[in-house]
Amino acid sequence: MKKVTIPQLVRSKEKLVMLTAYDYWTAQLVDHAGADMILVGDSLGMVVQGKQNTLSVTVDEIVYHCKAVSRGRQRALIVGDMPYLSYHVSPEDTIRNAGKIIREGHVDAVKLEGGRKRIPMINALLDAEIPVMGHLGLTPQSIHAIGGFKVQGKDEESRDRIKAAALALQEAGVFALVLECIPYDLAREVSDLLEIPTIGIGAGPYCGGQVLVTHDLLGLNFGHTPKFVRQFANLGELGTAAVKGFCQSVKEGSFPTLDESYSARKNKAVPLYGGSQLPLEETRN
Ligand code: KIV
């Protein structure tokens, strides 16, 4: 299967789909389902580590999750998020961190948050042949500076700032731009201004593409669901019912049956645990 490339994405500009994945299983799911891009987002700090924000996610954690995701991808382009403070210190440090995400995590591009201030870092990354996706609007790594997870671009001054930053990032060479939690008319203006694709999350229908956190769209999030999320399934409920069924079956002694057990006949090599390719003898005996 042919992999999605950056020139292809930039050319198509419209109807692009990006979804988060932090592991092999989810990467396979979203890749098979047709996502164009997989984002190994620093949202993993909140979604899989249960933290209040993304600020303590490290480069090593991003690399760990990128490795797992890259094993599950066949077609989609993988973008690794640069965590807080991994691209704020110097261009050299930024290249080292992004290089690690690319080389060890086996991803195709990196994403970083912020406007004009980031341009020296973006220039350095592009000089090192590392493709960069930008991210404006609500930038979760700035929550202390902006006063929390709040919709951005509501007044003239901040609208102008976002438009100017979008143009500056495009000029610097980012291949796409995430717009998070801004009014839909501003997202439309920015999308019309730019030649590169915009990818919206909480930014309305006029962006070139859309991104959601996969756990949110699957209904796997037990906490607050933001207004911009549509739950296309409620796997949280289904999963809870399934796990309750397992607990009950073990307690009442109806699981496992002999049909679900091995006999003394010679073992055949079969995959274990859904995805493992290891022969049974090597893994169980
Ligand atoms: O970390 C993340 O998942 C993101 C998306 C919400 C765009 O940055």
Side-chain angles (χ1 to χ4, degrees), residues 9 16-23 26-27 29-30 35-59 61-66 68-69 76-87 97-98 101 105 107-115 118 131-143 146 148-153 162 165-166 169 174-182 187 190-191 196-204 207-218 220-221 223-231:
L9 288 172
L16 297 171
V17 176
M18 181 159 85
L19 284 167
T20 59
Y22 316 118
D23 57 49
T26 317
L29 178 86
V30 302
D36 303 299
M37 287 173 279
I38 301 177
L39 173 65
V40 185
D42 64 353
S43 52
L44 69 89
M46 299 171 78
V47 179
V48 300
Q49 297 176 339
K51 292 176 176 161
Q52 293 298 308
N53 57 53
T54 59
L55 297 178
S56 59
V57 173
T58 65
V59 171
E61 287 170 344
I62 292 284
V63 168
Y64 171 89
H65 289 278
C66 286
V69 166
L77 185 105
I78 308 180
V79 181
D81 226 354
M82 295 204 68
Y84 178 58
L85 283 190
S86 69
Y87 56 97
N97 288 325
I101 294 171
V107 302
D108 307 297
V110 296
K111 175 170 84 58
L112 53 77
E113 298 179 6
R118 307 294 173 230
V132 183
M133 175 180 276
H135 184 157
L136 292 174
L138 170 54
T139 47
Q141 292 172 16
S142 326
I143 47 156
I146 62 183
F149 294 102
K150 292 181 177 163
V151 176
Q152 301 295 301
I162 290 172
L169 291 179
V174 302
F175 71 91
L177 180 62
V178 169
L179 295 174
E180 179 164 356
C181 289
I182 60 171
V190 173
S191 304
I196 56 169
T198 55
I199 316 288
I201 174 162
C207 296
Q210 296 291 329
V211 51
L212 277 182
V213 168
T214 301
H215 288 66
D216 287 345
L217 84 84
L218 293 179
L220 280 168
N221 180 350
H224 164 75
T225 303
K227 174 187 167 78
F228 60 79
V229 169
R230 187 186 299 175
Q231 285 191 345

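Predicted, not measured: the structure shown is a model, and the values here were computed from it. Every number for a ligand or one of its atoms is a count from 1 in the order of the listing.
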Rounded to the nearest 0.5 Å, how far apart are [atom1] of [X] and [atom2] of [Y]?
X	Y	atom1	atom2	answer
L9	I199	CG	CD1	7.5 Å
I101	I78	CD1	CD1	13.0 Å
L112	M133	CG	CE	11.0 Å

key: For H135, the ligand 1 atoms whose distance to one of its heavy atoms is below 4.0 Å   = 8 (O)
key: Under 4.0 Å to a heavy atom of G41 - the qualifying atoms of ligand 1, by number   = 1 (O), 2 (C), 3 (O)
task = Please name the pair of heavy atoms, one in L55 and one in P140, separated by the smallest distance, quoted to 0.1 Å.
result = CD2-O, 4.4 Å
Around [atom], find the nearest protein heavy atom and jot down its residue, atom name and distance.
atom	result
atom 3 (O) of ligand 1	S43 OG, 2.5 Å
atom 6 (C) of ligand 1	I201 CD1, 3.7 Å
atom 8 (O) of ligand 1	K111 NZ, 3.0 Å
atom 7 (C) of ligand 1	L39 CD2, 3.8 Å

ask   = Is the shortest heavy-atom distance from the side chain of Q49 to the side chain of E61 under 4.5 Å?
value = yes
ask   = When you look for heavy atoms under 4.0 Å from ligand 1, do you find them on the side chain of L44, its backbone, both, or neither?
value = neither
inquiry  = With a heavy-atom distance limit of 4.0 Å, tell me whether D42 approaches ligand 1 through its side chain, its backbone, both, or neither.
reply    = both
query = For S43 and Y22, does a side-chain donor sit closer than 3.5 Å to a side-chain acceptor?
reply = yes
inquiry  = Pairs of nitrogen or oxygen atoms closer than 3.5 Å, one from T20 and one from ligand 1: do any exist?
reply    = no
Short side-chain to backbone donor-acceptor contact, T139 and L136, under 3.5 Å = no
